[in-house]
Structures are given as structure tokens and as C-alpha cells.
Amino acid sequence: MVAAALRILITTLELAARRGVQNVTRDLALGLCQAGHSVYVYTRKEGVVADELRRQGVRVETKIARLAGSTFDVIHSHHAAACSPVFAQFPETPAVFVCHGDASWFDAAVRLPNIVKFAAVSESMAERVAADTEIPRTAVALLLNAVDMKRFLPGPAPQNPPRRALAFAKNSEHVAALQAVCGQRGISVDFIGAAVETQLDDPSLVLSRYDLVFASALSAIEALACLRPTIVCDGRGMAGMVDMARYEAWRPKNFGVAALNGPLSVQRVAQELDRYDPGEAALVGARVRVEG
């Protein structure tokens with residue numbers, strides 16, 4: 001147990017699907033519970049992630065009225081649409097606000113009396129918070145996304161050349177190009193994500209079985225933690241194969257949209273596959289496991 005256990009309320013827009021901020025909410029809630037705190041979650045839409053949290057003893061509510069009468073030491077807030085009504089219910093409770101998106105309307109930061117500290121998970125998101133709230137960029141904390149290292153473990157060394165790949169598809173514009181290049185190279189590729197209507201409850205159980213991963217943002221960091229060679233990309237564009245030098249540049253960008261430096265094409269994917277190096281991936285992964 002911690003010396004001073006806190007009662008913490010987390011707010012987030014929805015917990016119906018397994019995507020970045022939903023997974024962060026899950027890991028945050030469970031990590032705080034393991035540290036000895038009492039954790040509650042308010043969300044406007046429940047689903048598979050909410051169900052998982054409840055199974056592990058976290059109270060999840062979709063009605064603010066059900067929290068009436070409770071007291072909290074701090075509110076950890078994501079999404080203005082979710083935290084604003086909570087602040088109205090608990091006007092005296094201090095809050096932190098964390099931004100998880102560069103552009104979506106629901107990730108916009110708002111200045112409300114409860115909020116005593118703003119944070120963001122990438123440099124570009126921190127800049128957005130500063131612009132949204134008209135506060136100095138130096139007043140926004142940078143909290144880079146982290147990985148539960150007890151779940152995401154290294155597996156067998158990837159084959160060289162690669163034979164199996166896993167591609168995350170939260171959008172679909174990159175799917176055809178990845179299929180084409182992997183077919184040309186004799187790589188079997190599996191797709192998971194909302195865009196292909198194939199969800200995976202726990203990627204940590206399978207990531208280390210693959211030689212190569214195509215992913216962005218938190219999913220890319222999780223793949224790197226498993227020591228998998230990882231090409232950062234999604235339907236919005238492409239960054240490329242992560243190596244030690246690129247890690248330095250892309251980590252503050254959360255391996256997300258700000259790191260995507262151009263369109264994804266068959267030619268670019270092929271060029272990045274030529275950079276495949278399990279040894280370099282092991283070096284990157286070892287660093288992620290220390291820092292992430």
C-alpha cells in the first residue's frame with residue numbers, strides 16, 4: 001500500500017472499443033489500483049473496456065448521479081465532454097487534464113476552475129493544449145505514453161527475413177498497400193482493428209509471435225516493447241521503420257500523426273522493409289523497456 005492512498009476519479013469519453021485512450025484509461029486505472037489507490041471511472045459510453053475494468057474491481061459509471069455522495073481527492077480527466085459535467089458535480093475537487101489527440105474535437109483542452117495542471121502525451125498535443133487554453137507551452141506537462149511491461153513481454157527473436165506480420169487497422173487506407181508488399185515479399189500478414197472488423201482483446205498475448213509489426217501511437221510502443229521490428233504507419237500516412245535514431249525523433253511525437261512524414265505507398269513500404277533489422281529492434285526495445 002502507498003503511504004497516502006487517494007480516491008481518484010478518471011473521466012473519459014467512451015470505453016466501448018479498444019483504442020489508444022481507452023487502453024490508456026484501462027492501464028492507468030489498474031496501475032493506480034495496484035499502487036493502493038481507490039479508483040473510479042466515469043464514461044459516457046460503456047463497452048468491452050468498461051466490462052474488463054469492472055471484472056478487475058474498478059467501479060465504472062455512466063451516470064454522474066450514481067457518484068453523488070462520493071468524495072475524491074483528485075480527478076484525472078480526459079475529454080471536455082466527459083469531464084465538464086463531472087466538474088459541475090464536484091466543483092471543489094482539483095483535476096488534471098490530459099490531452100490524447102492532435103485534432104479531434106473531443107480532445108480539445110478547456111480552461112475550467114477545477115483544472116490545476118494540463119498535460120499531453122506528445123509534443124504536438126502539448127502545443128495544442130497551449131493554443132486551446134492560451135496558457136504558456138511550458139505550463140503543459142509532457143507525459144509520454146507508457147506500456148505495462150509485465151504484460152507486453154519480449155518473445156522469440158524475429159525471423160530474418162520476416163515471415164509473419166501483424167498490422168493494426170484503426171483506419172483502412174493503408175491495408176491494400178501492406179497486403180501487396182507483404183505478398184511480394186512472402187510475408188503472411190494479419191490485420192486487427194475496427195477498420196477490418198477484427199478486434200483483439202489483448203494484443204500482449206500475440207505481439208511477440210510476429211516478426212514484424214505495422215502500427216502507430218501506443219500500439220507501436222507496445223510492439224517495440226516486445227522487441228518487434230516496427231514500421232510506424234496507419235491510414236493517415238507513414239513514418240517508417242523504427243531504429244535508434246528515429247526513436248529519438250519520434251518518441252516525443254508519440255509515434256502518431258505528427259511523426260507520419262508522408263503518404264504510404266507500395267514503394268515506400270518496400271523501402272522501409274529493406275531496413276528490417278531484428279538486432280536494431282532489440283536495441284530499441286531494450287530502451288523502450290527502460291524508459292516506457
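Remember, it's a predicted structure, so these values are computed and weren't measured experimentally.
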For T133 and F97: C-alpha separation, side-chain torsions, deciding distance, then whether side chain to side chain contact (heavy atoms under 4.5 Å, CB included) applies. CA-CA 11 Å; T133 60; F97 182 96; over 6 Å; no
Looking only at heavy atoms, which two atoms of L13 and A81 are closest? And how far apart? CD1-CB, 3.9 Å
Have D234 and S216 got a donor and an acceptor in their side chains that come within less than 3.5 Å? yes
Taking only residues two or more places apart in sequence or in another chain, which ones pass side-chain hydrogen bond (donor to acceptor under 3.5 Å, both in side chains) with R137? E123
State whether E280 and R246 are salt-bridged, where the test is any N-O pair (Lys NZ or Arg NE/NH1/NH2 against Asp/Glu carboxylate O) under 4.0 Å. no
Passes side chain to side chain contact (heavy atoms under 4.5 Å, CB included), L144 versus N254? Steps please. CA-CA 7 Å; L144 299 178; N254 197 44; 5.9 Å; no
Whether the side chain of S104 engages the backbone of D107 through a donor-acceptor N/O pair (distance < 3.5 Å, no angle test) should be reported. no
So which heavy atom on F87 is nearest to which on S77, and how close? CZ-OG, 3.8 Å
If Ile, Leu, Val, Met, Phe, Trp and Tyr residues are connected whenever their side-chain heavy atoms lie under 4.5 Å apart, and connections chain through other members, are L143 and V140 in the same group? no
Contacts of type salt bridge (charged side-chain N to carboxylate O under 4.0 Å, His left out), residue R185, not counting sequence neighbours: D274
Evaluate side chain to side chain contact (heavy atoms under 4.5 Å, CB included) for M238 paired with V269, printing each intermediate quantity in order. CA-CA 8 Å; M238 185 171 187; V269 176; 4.1 Å; yes
Under 4.0 Å between a Lys/Arg side-chain N and an Asp/Glu carboxylate O for R164 and D190? yes
Whether the side chain of N114 engages the backbone of A95 through a donor-acceptor N/O pair (distance < 3.5 Å, no angle test) should be reported. no
When rounded to the nearest 0.5 angstrom, what distance separates CG in L212 from OG1 in T230? 7.5 Å
Would you kindly confirm whether I192 and V206 end up in one hydrophobic cluster when ILVMFWY residues are joined by side chain heavy atoms under 4.5 Å apart? yes
For the backbone of S204 and the side chain of D202, can you confirm whether one donor and one acceptor N or O come within less than 3.5 Å of each other? yes
So, for R151 and D27, which heavy atoms are closest and what is the spacing to 0.1 Å? NH1-OD1, 3.4 Å
Rounded to the nearest 0.5 Å, how far does CZ of R66 lie from OH of Y40? 14.5 Å
So, the side chain of T93 versus the backbone of D73: is there a donor-acceptor pair under 3.5 Å, distance only? no
Whether the side chain of T43 engages the backbone of T12 through a donor-acceptor N/O pair (distance < 3.5 Å, no angle test) should be reported. yes
Do you know which two heavy atoms are closest between I187 and P162, and how far apart they sit? CG1-O, 3.5 Å
Would you give the length of the straight line joining atom SG of C83 to atom CZ of F90, rounded to the nearest 0.5 angstrom? 13.5 Å
Atom CG of L28 and atom CG of N23: how far apart are they, to the nearest 0.5 Å? 12.5 Å
Closer than 3.5 angstrom, by distance alone: can the side chain of E272 be matched with the main-chain N or O of M241 as a donor-acceptor pair? yes
Looking at R7 and T71, would you say the former's side chain and the latter's main chain have a donor-acceptor pair under 3.5 Å? yes
For F168 and H174, work out which heavy atoms get closest and say how close. O-NE2, 3.0 Å
Within 6.0 Å of NZ in K117, more than 12 heavy atoms from elsewhere: yes
Please examine the side chains of Q56 and Q34, heavy atoms only from C-beta on, and report whether any two atoms are closer than 4.5 Å. no
Name of the residue among S208, P229, C226 meeting side-chain contact (heavy atoms from CB on, under 4.5 Å) with P158: P229
On a heavy-atom basis, which atom in A146 and which in L218 lie closest, and how many Å separate them? O-CD1, 3.5 Å
Do V121 and L260 belong to the same hydrophobic cluster, where Ile, Leu, Val, Met, Phe, Trp and Tyr are linked whenever their side-chain heavy atoms lie under 4.5 Å apart, directly or via other members? no
Does a side-chain heavy-atom distance below 4.5 Å link V175 with Q179? yes
In terms of hydrophobic clusters joined by side-chain contacts under 4.5 Å, are L32 and V49 together? yes
Validation row: V98, H78 side chains within 4.5 angstrom (heavy atoms): yes
R251 versus R287: any side-chain heavy-atom pair under 4.5 Å? no
Please examine the side chains of Q89 and L67, heavy atoms only from C-beta on, and report whether any two atoms are closer than 4.5 Å. no
Close side-chain approach of N171 to R236, heavy-atom, < 4.5 Å: yes
Side-chain contact, heavy-atom cut-off 4.5 Å: V181 with L273? yes
To the nearest 0.5 Å, what is the distance between CG on D211 and CG on L166? 11.0 Å
Report yes if the side chains of L30 and V39 come closer than 4.5 Å at any heavy-atom pair, otherwise no. no
Passes side chain to side chain contact (heavy atoms under 4.5 Å, CB included), R289 versus L227? Steps please. CA-CA 9 Å; R289 297 194 67 80; L227 278 56; 4.0 Å; yes
One should read off an interatomic distance between Q22 CD and E52 CD, to the nearest 0.5 angstrom, of 12.5 Å
Can you name the side-chain hydrogen bond (donor to acceptor under 3.5 Å, both in side chains) partners of Y247, sequence neighbours left out? E291
Strictly distance-based, threshold 3.5 Å: is any side-chain N or O of H76 a donor or acceptor partner for the main-chain N or O of I10? no
For E14, run the side-chain hydrogen bond (donor to acceptor under 3.5 Å, both in side chains) check against K45, R44, R19, H79 and tell me which one passes. R19
Is it the case that one hydrophobic cluster holds both L142 and F255, taking links as side-chain heavy atoms less than 4.5 Å apart, direct or via other members? no
